[in-house]
2 protein chains.
Amino acid sequence: MQIRSGHFSDDRPCRAHRGLKEGGAQVSGPTKTNLLDVARKAGVSQTTVSRYFNEPGKIREETRKRISQAIAELDFVPSMTARTLAMSRSHTIGAIVPTFDHALFARELNDMADQLSKAGYALLIASDQYEPGQETDLVRTMIGRNVDGLLLVGLEREPGIYDLLDRRGVPYVTTWTIDREVSRPQVGADKFAAAHEIADHLLDLGHQRFAVIEFPVANNDRARTRLRGFRTAIEERGLSLPNEVVFEEPPTYEAGGRILRSILQSDAPPTALLCGTDVFAIGALLEAKRLGLNLPAEISISGFDNLPIASLLDPPLTTIDLAVRETGQLAARYLLRKIEGVDPPSISVPRHELILGGSTGRPGR
Amino acid sequence: MQIRSGHFSDDRPCRAHRGLKEGGAQVSGPTKTNLLDVARKAGVSQTTVSRYFNEPGKIREETRKRISQAIAELDFVPSMTARTLAMSRSHTIGAIVPTFDHALFARELNDMADQLSKAGYALLIASDQYEPGQETDLVRTMIGRNVDGLLLVGLEREPGIYDLLDRRGVPYVTTWTIDREVSRPQVGADKFAAAHEIADHLLDLGHQRFAVIEFPVANNDRARTRLRGFRTAIEERGLSLPNEVVFEEPPTYEAGGRILRSILQSDAPPTALLCGTDVFAIGALLEAKRLGLNLPAEISISGFDNLPIASLLDPPLTTIDLAVRETGQLAARYLLRKIEGVDPPSISVPRHELILGGSTGRPGR
DNA sequence: TCTTCTTATGGAAGCGCTTCCATAGGAACA
DNA sequence: TGTTCCTATGGAAGCGCTTCCATAAGAAGA
């Protein structure tokens, strides 16, 4: 049964020059076993060992046992790298996000990774720290690493990226921005509608003068979409949102507080502050309380994202829940399906929800 | 100069059966180019193209230009997978964390990824969602994927994992727990000292009755270390920390509030609440304010981690800053050095800092 | 002018898998 | 008893790189 019986000397083809020192009694260096080692130990061919992993149904019970034992004895770990090369399938999904240091992306990736790992996929991540130039490089890196699918944030990017991806046939999905006019795979809540809705809520309450704090909109279509939602709602009521009351800031609590202070000093201060993320809103709310303002009578503050802390503030924050977990899971599911050759619906929009808290109310005067 | 002049027909070795349909005028499917394609286009050998990437100094200027143009025309992206297989170096670092959905780990990974990508490394991540059984599998996966180094959280794990890693010669580093008795590579602030310090602070203020909220300590040596720090400090003053006042909870704001309420109902309520993370502390603090308690007179609350929001609360939170960013960077640097063959100091402990806020003070009565 | 050294390049094996194809033995059928 | 069909297995090429070694052609030294 054995392919080669007898002598133990290593009769593999010469590889002396490859850095794997051979022969002699040496302190066991890093062990490196491969299918062939297992095959020899089990007295079968490499092919059969491969089948053990990939089509276990096709090998005899007794053979399976021998192989399984050989694997255990050698503590063999198959090389996914070689597998990838041979199959052109890496069982890896790439994700390029602006940063992980933001609860939203972190949670999205967390749920995505979870879903993926259940399906035998690993997650390769990179962040471009909001620099669009970086993204192109990162996509190339990902392609070079043979990712089977790619998650991207936002819809807008250097057009070459989409070309590259299409040409290489790499499935991808964009998250956090939905634009039904664009025919690309997208997953995420409808930020435009959500922003519109929360602005409507404030308009319904009777607010007429607004201020907005947003992420820097350059290279950030999520922020731009939200802003467009705010603005559209306001203009639909015959009001306007001049640029002077739209503040662009990197997302810090501190910025929320600072902007709040600054807008209160204007002649006719806004009665409502629309924030592009809860982070701003929380900063503003805490500052307002520190200043002894009467909330929401003196100023209404709304957030976006529904961070876990939003509901615990006093007053609780009016905000938008974006179904973050669902987004990560849907994105994972989309990619997995696509990889399997199924053609899943390419736009999926988990439902957002307006969360009403005490931080918004009728304007005081 | 050309290796093969003339006819355009594909004279590569047959690969018809490998799924790459050949010949005929076909709609250009997924392009797949390799070194050889580039070589042919540039009229040089594969080897030379390889050198173009790896030892550019060794090829003539003119050759370099030809290759560079061929690469551009073909939009060639080298296969890192093949490279990995050939070199046994993947230029990938793995990271296994309990969850990304925690500001601390997210930030650590963020800074680590940043550092790594500058050095040409990618980051492969996985989370075990606090289940130790998972970790073993994930480590195997990582090994199978040929990671050049591995980041782990905490020092305690199934012993087989360390064996496996050592046997395979995979460099690794553990973060967030420091134990100088253990001779493994470790990076992270000294949580024991930090916990001791913050408890000392409260003891100095005159507190005698404490309660603690911690992560579930099973499978979490970080939590255990912190708790030990609290307890040691307390016992050193001749006081005690009975188990009834140590609460284990998953990290949610809500838990902080709930535990606060519950301890206030005891006969002799604690005057100080030591929290294993700011998340608990913030929850407790917000709840205390909602209950109209006088802080810190009626109850002192301390946190851990120094989340960005901690200093903005009213009163600001007394907490510990753990130098998170530094930890991620140091971990990355350690692994990179180790991979390069340098033997860097295996334990590095960024300095923590006690942040004093108004949430702690003398007990009121 | 002839030898020796460099320098730029090419040939080909090998990294550890998958997969196409071939083959040996039974089982199943006539 | 002969034919056909499965089933379990093995052989070997190929995935796209790196790297050892060989080699041709100048440059440098004698």
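Keep in mind that the numbers below use all heavy atoms, side chains included, and drop hydrogens, waters and symmetry copies. So that the names make sense, note that chain A is the first sequence line, chain B the second, and so on, each numbered from 1.
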### Task
Name all residues meeting the side chain to side chain donor-acceptor pair (under 3.5 Å) criterion together with B:T47; count only those two or more places apart in sequence or in a different chain, and write none if there are none.
none
#### Entry: Test side chain to side chain donor-acceptor pair (under 3.5 Å) applied to B:N110 - qualifying residues, sequence neighbours left out
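Result, side chain to side chain donor-acceptor pair (under 3.5 Å) vs B:N110: A:T99, A:Q129.
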## Note on the structure
Note: A:A331 and A:T175 closest approach over all heavy atoms is CB-CG2, 4.1 Å
### Query
So which heavy atom on A:L35 is nearest to which on A:Q46, and how close?
CB-CG, 3.7 Å
Close N or O pairs between protein and nucleotides 23-28 of chain D (under 3.5 Å):
none

### Query
How would you list, by chain and number, every residue that makes a ring-ring contact (aromatic ring centres under 6.0 Å, His included) with A:Y172, sequence neighbours excluded?
A:Y162
### Query
Does B:Y334 have any ring-ring contact (aromatic ring centres under 6.0 Å, His included) partners at least two apart in sequence or in another chain, and if so, which?
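ring-ring contact (aromatic ring centres under 6.0 Å, His included) check on B:Y334 returns nothing, list empty.
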### Task
Evaluate the side-chain proximity of A:R333 to A:L330: yes if any heavy-atom separation is below 4.5 Å, no if none is.
yes
### Message
Any heavy-atom pair between the side chains of B:I125 and B:V97 that's under 4.5 Å?
### Response
no
### Task
Classify the side chain of B:T81 versus the base of D:dG16 as yes if they form a donor-acceptor pair under 3.5 Å and no if they do not.
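No pair found.
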Interatomic distance where [atom1] belongs to [X] and [atom2] belongs to [N] [whole Å]:
X	N	atom1	atom2	value
A:K32	C:dG14	NZ	C1'	14 Å
B:Q46	C:dG14	CD	P	16 Å
A:R83	C:dC17	CZ	P	10 Å
A:L35	C:dC15	CG	P	13 Å
A:Y52	D:dT9	OH	C1'	17 Å
B:L36	C:dA12	CG	P	13 Å
B:M80	D:dC17	CE	C1'	11 Å
A:R64	D:dT7	CZ	P	15 Å

### Task
Map B:S88 and A:T47 onto DNA chain C by nearest heavy atom, then report which one ends up closer to the 5' terminus.
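By nearest-heavy-atom nucleotide position, the 5'-most residue is B:S88.
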### Query
salt bridge (Lys or Arg N to Asp or Glu O under 4.0 Å): which pairs involve residues 150-165 of chain B, sequence neighbours left out?
B:E135-B:R157, B:E156-B:R224
### Message
Please list all pairs meeting salt bridge (Lys or Arg N to Asp or Glu O under 4.0 Å) that have one or both residues in residues 117-133 of chain A, counting only residues at least two apart or in different chains.
### Response
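Every salt bridge (Lys or Arg N to Asp or Glu O under 4.0 Å) pair that includes a residue of residues 117-133 of chain A, provided the two are not neighbours, is A:D114-A:K118.
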### Task
Scan side-chain atoms only and decide if A:R145 and B:T92 contain a donor-acceptor pair under the 3.5 Å cut-off.
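Yes - a donor-acceptor pair under 3.5 Å links their side chains.
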### Message
Checking A:N146 against B:T81: is there a side-chain donor and acceptor pair closer than 3.5 Å?
### Response
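A pair is found: one side chain offers a donor N or O, the other an acceptor, under 3.5 Å apart.
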### Task
Specify the residues of residues 69-79 of chain B, ordered by number, for which at least one heavy atom lies under 4.0 angstrom from an atom of DNA chain D.
B:F76, B:P78, B:S79
Under 3.5 Å between N/O atoms: give me all the protein pairs with nucleotides 6-9 of chain C, atom names plus distance.
{"residue": "C:dT9", "atom": "OP1", "partner": "B:R60", "partner atom": "NH2", "Å": "3.1"}
{"residue": "C:dT9", "atom": "OP1", "partner": "B:T63", "partner atom": "OG1", "Å": "2.4"}
{"residue": "C:dT9", "atom": "OP2", "partner": "B:R60", "partner atom": "N", "Å": "3.0"}

### Message
Based on the rotation axes of five pairs at each end, what angle does the helix from C:dT1-D:dA30 to C:dA30-D:dT1 bend through, to 10°?
### Response
30°
### Message
Using the side chain to side chain contact (heavy atoms under 4.5 Å, CB included) criterion, which residues pair with A:I339? Sequence neighbours excluded.
### Response
A:R89, A:I93, A:Y121, A:D148, A:P171
### Message
Suppose we screen for side chain to side chain contact (heavy atoms under 4.5 Å, CB included). Which residues come up paired with A:E340, at least two apart in sequence or across chains?
### Response
A:V342
### Query
So, is A:N54 near the phosphate of C:dT18, with a side-chain N or O under 4.0 Å from OP1 or OP2?
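Checking C:dT18 against A:N54, a side-chain N or O does come within under 4.0 Å of OP1 or OP2.
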